[in-house]
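Because only heavy atoms are used, hydrogens play no part in the values below, and waters and symmetry mates are left out as well, while side chains stay in.
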Amino acid sequence: MSDDAVSPEEVRHVAELARVDLADDEVDRFTRQFADILEYFETLDEVPEVDREADLTNVMRPDEERDSLERDEALENAPETEDGYFKGPNVS
């Protein structure tokens, strides 16, 4: 896979959507890391499928009911809110 799989502009766009500020050296590092990750996914595509019935077991803990945060407390660190809800960037 070439390093062109992910461009620095795409990394900056994703960082902007996630509201993360990246320095130029971080953009370069993440561009390389994203290319490596995509290469790993291509490798997984080459793994043959195994025909067998998997025994499914629930390894998760049971749900426990707990008190939730009050709305104002949940929203206090949000960069933007609107009418009592989190407001995120427009994504198209």
Side-chain angles (χ1 to χ4, degrees):
M1 168 159 299
S2 71
D3 289 333
D4 297 313
V6 179
S7 71
E9 291 75 25
E10 290 170 316
V11 171
R12 285 187 181 92
H13 178 70
V14 170
E16 183 180 324
L17 292 175
R19 298 175 190 241
V20 175
D21 291 327
L22 295 178
D24 288 342
D25 62 326
E26 292 173 311
V27 170
D28 292 340
R29 187 175 73 224
F30 282 119
T31 300
R32 289 190 305 274
Q33 289 176 347
F34 287 157
D36 290 343
I37 290 168
L38 291 174
E39 189 172 329
Y40 294 140
F41 275 105
E42 284 185 0
T43 301
L44 287 175
D45 286 341
E46 298 170 10
V47 174
E49 291 185 31
V50 176
D51 292 329
R52 72 175 189 91
E53 290 290 322
D55 295 329
L56 300 177
T57 53
N58 185 358
V59 296
M60 306 299 283
R61 63 166 171 74
D63 288 338
E64 297 174 10
E65 188 173 319
R66 295 187 284 179
D67 292 335
S68 61
L69 295 173
E70 294 296 323
R71 180 182 294 204
D72 291 339
E73 188 180 2
L75 295 173
E76 70 184 15
N77 289 322
E80 292 184 61
T81 62
E82 185 175 298
D83 299 326
Y85 296 97
F86 292 100
K87 182 176 181 184
N90 292 333
V91 180
S92 57

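The shortest non-hydrogen separation linking F34 to V11 is CD1-CG2, 3.6 Å. Residue A74 comes nearest to F86 through the heavy atom pair O-CZ, 3.5 Å, listed as atom of the first residue, atom of the second, then distance. Shown here for E73 and E76, the closest heavy-atom pair between the two residues is O-CG, 3.2 Å. Nearest heavy atoms, A15 versus L22: CB-CD1, 3.6 Å. Shown here for R19 and K87, the closest heavy-atom pair between the two residues is NH2-O, 3.5 Å.
Environment of CD in E16: sparse, with no more than 12 heavy atoms of neighbouring residues, nucleotides or ligands closer than 6.0 Å. No more than 12 heavy atoms of other residues, nucleotides or ligands sit less than 6.0 Å from atom CG of D67. Counted within 6.0 Å of CD on E70, heavy atoms from surrounding residues, nucleotides or ligands total 12 or fewer; the atom is thus considered open. Heavy atoms of other residues, nucleotides or ligands lying less than 6.0 angstrom from CG of D25 number more than 12.
By the criterion of side-chain heavy atoms lying less than 4.5 angstrom apart, applied directly or through intervening Ile, Leu, Val, Met, Phe, Trp or Tyr residues, L38 is grouped together with L44 in one hydrophobic cluster. Note on L17: it does not cluster hydrophobically with I37, by side-chain heavy-atom contacts below 4.5 Å among ILVMFWY residues.
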(Q) Is there a side chain to side chain contact (heavy atoms under 4.5 Å, CB included) between D24 and R12? Walk through the geometry before answering. (A) CA-CA 9 Å; D24 288 342; R12 285 187 181 92; 3.4 Å; yes
